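Just below is one structure, and these are the notes that go with it.
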Amino acid sequence: MCVCRLCTVLDHKNHDVVPLKEEYEGKKAELKKTDDEIQQMIQKRRVKIQEIKHSVKLCEEDGNEEIAGGVQVFTALKESVERSQAELINTIKEKQRKTKKQAEGFIKELEHEICELKKRSTEVEQLSLSEDHLHLLQSFRTLKAAPPTKNWTGARVSVPSYKGTVRRALNQLEETLKNQMENAEAKAELKRVQQSAVDVTLDPDTAHPNLIVSRDGKQVKQSEVLQHLPDKPEGFDRSLSVLAKQSFSSGKFYYEVQVEGKTEWALGVVRESIDRKGRNTKSPQNGYWTICLSNENEYYALDDPDTFFSLKSRPQKVGVFVDFEEGLVSFYDVDAADLICSFTGWSFTEKLYPFFTPGLSICSAFYFCTDSNPLIISPVK
């Protein structure tokens with residue numbers, strides 16, 4: 001007995017094959033669509049697994065990095081504590097040594113005088129037993145006079161005071177730890193902004209005619225001979241400056257510039273619409289967020305008026321960090337991991353270009369160029 005696979009009844013009529021074929025193909029298509037959807041779901045989950053694994057990897061890397069930094073900080077703190085403890089003990093021991101040395105000196109003198117006095121006492125006793133009256137009279141005058149001795153009435157051993165010694169050591173340790181923590185925080189802050197490092201190259205078309213830009217676009221210096229080159233429309237004609245090819249209109253970016261050996265320079269960012277022709281006041285109001293070195297040791301932020309500041313050390317490499325949304329421009333002494341200064345609270349509405357000035361005065365027949373060293377855009381480590 002045969003059973004129809006389509007209607008599953010014993011008694012059936014002939015089926016129309018065409019609709020059945022269409023239904024079959026439709027089911028097939030639906031199954032393929034379902035399988036595609038399943039494959040997409042599988043792929044999404046595989047991608048999510050990779051995302052999770054990547055997050056775990058980042059977590060481990062960041063954690064290990066933080067552990068390494070923490071171990072370094074706490075090792076330094078431990079060494080500081082041990083050093084302070086040793087200095088405290090040495091200070092007290094030195095006071096004890098001086099006191100002991102003074103006391104030993106007094107005791108030695110006193111014992112010497114006691115020895116002399118005992119000898120005199122023995123001589124007096126022997127003389128008192130003598131029956132030789134002439135000898136007694138002759139010796140009495142000599143023995144009557146006491147042997148040379150010191151007046152010990154006001155002699156005192158200087159007992160040092162240890163009061164406050166531990167407190168002073170703790171205060172000094174606290175100051176040391178504070179400085180180390182600030183240094184660690186400064187290094188962490190610099191490391192954080194360095195995560196926003198970008199590749200910056202100089203745009204020779206924007207350079208003043210008396211600037212020389214290297215072929216790789218990573219160095220710029222002032223020409224030691226006055227050059228009479230044609231002025232380019234997009235170039236500076238009075239300010240010895242050059243812009244980067246790259247511009248930024250969102251997010252964060254950071255780059256570093258080597259200034260070693262230079263006696264004058266200016267660095268920072270400027271907005272796209274600044275006037276590159278003629279002289280103008282370089283200030284944030286005019287689209288310049290820059291700092292400057294002049295006369296070898298005068299550091300200041302270009303503003304109206306300029307803001308001068310002093311630095312702990314002479315920067316060899318300067319880091320420039322910009323947070324576009326926060327309206328922040330910060331400058332760092334990279335080697336010292338110190339924040340030099342910041343412009344804060346600005347609203348950036350245009351593209352920003354990295355800005356470089358390797359010299360402040362144009363070399364000429366009347367002015368000898370004293371600073372022909374280049375500004376060098378350095379790779380961020």
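It should be emphasised that the depicted structure is a prediction, and the values quoted were computed from it without experimental measurement. Heads up: numbering here begins at 1 and tracks the sequence. Hydrogens, waters and symmetry mates play no part in the numbers below; they use all other heavy atoms, side chains included.
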message = Counting only heavy atoms from other residues, nucleotides and ligands, does the tally under 6.0 Å from CZ of Phe74 exceed 12?
response = no
key: Heavy atoms of other groups near Glu350 CD, more than 12 under 6.0 Å   = yes
Candidates Phe331, Phe348, Phe321, Phe324 - the one meeting ring pair (Phe, Tyr, Trp, His ring centres under 6.0 Å) with Trp289 = Phe348
Polar side chain donor-acceptor pair, Gln172 to Ser84, under 3.5 angstrom = no
message = Between Asn295 and Glu298, is there a side-chain donor-acceptor contact under 3.5 Å, judged purely by atom types and distance?
response = yes
request  = Any chance you could measure Asn286, atom CG, to Asp275, atom CG, to the nearest 0.5 Å?
outcome  = 9.5 Å
task = To the nearest 0.5 Å, tell me how far Arg168 CZ sits from Glu87 CD.
result = 13.5 Å
request  = I would like to know whether Lys101 and Glu104 meet salt bridge (charged side-chain N to carboxylate O under 4.0 Å, His left out); could you show each step before the answer?
outcome  = CA-CA 5 Å; Lys101 184 177 181 181; Glu104 287 175 345; over 6 Å; no
ask   = Does a donor on one side chain and an acceptor on the other come within less than 3.5 Å for Ser80 and Gln180?
value = yes
request  = Scan side-chain atoms only and decide if Glu109 and Trp152 contain a donor-acceptor pair under the 3.5 Å cut-off.
outcome  = no
ask   = What's the shortest heavy-atom distance between Asn373 and Lys262, and which atoms?
value = O-NZ, 2.7 Å
note = Separation between CG (Leu302) and CZ (Phe343), nearest 0.5 Å, reads 7.0 Å
ask   = Counting only heavy atoms not in Lys317, do more than 12 fall under 6.0 Å of its NZ?
value = yes
inquiry  = Taking side chain to side chain donor-acceptor pair (under 3.5 Å) as the criterion, tell me which of Gln194, Glu189, Gln195 meets it with Arg192.
reply    = Glu189
Can you give the donor-acceptor pairs under 3.5 Å from side chains of residues 44-54 to other protein atoms, not counting sequence neighbours?
residue	atom	partner	partner atom	Å
Arg45	NH1	Met41	O	3.1
Lys48	NZ	Glu51	OE1	2.9

key: Rounded distance [0.5 Å steps], OG in Ser294 versus CZ in Phe308   = 6.0 Å
